[in-house]
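Counting begins at 1 with the first residue of the sequence.
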Amino acid sequence: MYVACSTLSFSKVSLEDALRTVREMRFTKADLAIHDGGPHLTPAEVLADLGRCVQRLKATNLPLASIHLVTSTTDTAGARKEFQAICRLARVCTVPLLTVPAAPLGSDLDIEVARLQDWVRIAEAEGVILSVETHAQTVTADPLGAAELCRRVPGLALTLDPSHYHSGPHASSDYECLLKFVRHVRLRDTGTGTDQFQVRIGQGEMEFGKLLTQLDRCRYDRALTVDVRDMPDSPFPIVPEVRKLKYLLESLV
């Protein structure tokens, strides 16, 4: 296991400055967010000029552990086209894994299975692992539902964001059954209250040591991404918390 950092931790600066900061903080790799309306790179930019986006990323001289994609449309054909472009970007930049959100809560699971089966084929053709994130507002909100999705879509992996199982409606959910499907992990400290999704390191309930032990038992050897997000209404400075979590995780691996 190694420690990476999300570009969303530095959302108030440019893509180049965010990746430079990640590198200067001595992270091994970055987790690149490509979100519609995001602060750095967007799906539309990749679709419009793949070559330029590749040049921008390679110029930063920082390897990427994964890409976190949120497409700009819910239209099936449009989202699929953006997904194909990001898969090509991942292949050219040697990014091994691409994470997307699962369908919202209440969606038809059969339709979601069919979509993800198609997207897994596209990703595999580019040599990229496709994963869906565990999230309280999608069909992966329930750990058993997330595991069922992976069983029904061969080749699909999970990006584990345990905060969604510690805060809100699924607080204290047992998600150990998911670990065999996990190929990427995003971390921050989280309390059990609905308003404690992101708290200062050490003030939440996350048992990082226990989680890493569980992952080690499943022979997980990939990234642990520091995903302390620089949100506009954050009640505390983000950079010190990013640094604290980095040192904590490095002491545990």
In residues 92-106, what donor-acceptor pairs under 3.5 Å come from side-chain atoms, sequence neighbours left out?
unit_1 : atom_1 : unit_2 : atom_2 : d
Thr99  : OG1    : Ser131 : OG     : 2.8
Thr99  : OG1    : Thr159 : OG1    : 2.6

Any chance CZ of Arg52 has more than 12 other-residue heavy atoms, nucleotides or ligands included, within less than 6.0 Å?
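No.
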Looking at Gln137, I want to see if its CD is surrounded by more than 12 non-hydrogen atoms of other residues, nucleotides or ligands under 6.0 Å.
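Incorrect, the count does not exceed 12.
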Closest non-hydrogen atom pair, [X] against [Y]:
| X | Y | result |
| --- | --- | --- |
| Thr7 | Ala33 | OG1-N, 3.1 Å |
| Pro154 | Val120 | O-CG1, 3.7 Å |
| Ala65 | Lys29 | N-CB, 3.8 Å |
| Ala146 | Leu178 | CB-CD2, 3.8 Å |
| Leu69 | Pro43 | CD1-CG, 3.8 Å |
| Ile122 | Cys87 | CG2-SG, 4.3 Å |

Start with the C-alpha distance between Phe10 and Met25, add both sets of side-chain angles, then the distance that settles side-chain contact (heavy atoms from CB on, under 4.5 Å), and finish with yes or no.
CA-CA 12 Å; Phe10 309 103; Met25 293 181 75; 3.7 Å; yes
If you measure from [atom1] on [X] to [atom2] on [Y], what distance do you get to the nearest 0.5 Å?
| X | Y | atom1 | atom2 | value |
| --- | --- | --- | --- | --- |
| Ser11 | Met231 | OG | CE | 9.5 Å |
| Thr76 | Lys81 | OG1 | NZ | 14.5 Å |
| Leu224 | Leu249 | CG | CG | 6.0 Å |
| Leu160 | Gln214 | CG | CD | 9.5 Å |
| Ser107 | Leu109 | OG | CG | 9.0 Å |
| Leu50 | Gln84 | CG | CD | 12.0 Å |

I want to check something: taking the side chain as every heavy atom from C-beta on, are [X] and [Y] in contact at a cut-off of under 4.5 Å?
| X | Y | result |
| --- | --- | --- |
| Ile34 | Val70 | no |
| Leu116 | Val153 | yes |
| Ile129 | Arg222 | yes |
| Leu252 | Phe208 | yes |
| Thr134 | Tyr175 | no |
| Ile67 | Val128 | no |
| Phe27 | Val242 | yes |
| Leu158 | Val132 | yes |

Near-ring test Phe197/His164, centroid separation under 6.0 angstrom:
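Close enough - the centres of the two rings lie under 6.0 Å apart.
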Assigning hydrophobic clusters by single linkage (Ile, Leu, Val, Met, Phe, Trp, Tyr; side-chain heavy-atom cutoff under 4.5 Å), is [X] placed with [Y]?
| X | Y | answer |
| --- | --- | --- |
| Leu215 | Tyr2 | no |
| Val199 | Leu245 | no |
| Tyr165 | Leu144 | no |
| Leu156 | Tyr220 | yes |
| Val239 | Leu62 | yes |

Can you confirm whether the side chains of Glu16 and Thr60 place a donor and an acceptor under 3.5 Å from each other?
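There is no such pair between these side chains.
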Going by atom types alone, do His184 and Thr225 pair a side-chain donor with an acceptor below 3.5 Å?
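Yes - a donor-acceptor pair under 3.5 Å links their side chains.
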Applying side-chain contact (heavy atoms from CB on, under 4.5 Å) to Cys218 and Val182, what does each step give before you reach the verdict?
CA-CA 9 Å; Cys218 293; Val182 171; over 6 Å; no
Any sub-3.5 Å donor-acceptor pair from [X]'s side-chain atoms to [Y]'s backbone N or O?
| X | Y | value |
| --- | --- | --- |
| Gln198 | Arg229 | yes |
| Thr140 | His135 | yes |
| Asp227 | Leu187 | no |
| Ser6 | Leu8 | yes |

Report the C-alpha separation of Glu82 and Ser72 in whole Å, then their side-chain angles, then the decisive distance to 0.1 Å, and conclude whether the side chain to side chain donor-acceptor pair (under 3.5 Å) test is met.
CA-CA 8 Å; Glu82 290 181 350; Ser72 64; 2.3 Å; yes
Residue pair Arg188, Met206: steps toward the side-chain contact (heavy atoms from CB on, under 4.5 Å) verdict:
CA-CA 8 Å; Arg188 70 193 65 76; Met206 291 294 297; over 6 Å; no
Is it true that [X] and [Y] make a salt bridge, defined as a side-chain N closer than 4.0 Å to a carboxylate O?
| X | Y | answer |
| --- | --- | --- |
| Arg115 | Asp118 | no |
| Arg219 | Asp221 | no |
| Arg186 | Asp31 | yes |

Using the salt bridge (charged side-chain N to carboxylate O under 4.0 Å, His left out) criterion, which residues pair with Arg217? Sequence neighbours excluded.
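Here the qualifying residues are Glu176.
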Could you please spell out the steps behind the side-chain contact (heavy atoms from CB on, under 4.5 Å) verdict for Arg80 and Thr71?
CA-CA 9 Å; Arg80 189 178 190 270; Thr71 59; over 6 Å; no
Compute both the distance and the angle, then confirm whether Arg121 meets the cation-pi test with Trp119: under 6.0 Å from the six-membered ring centre, within 45 degrees of the axis.
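No cation-pi geometry.
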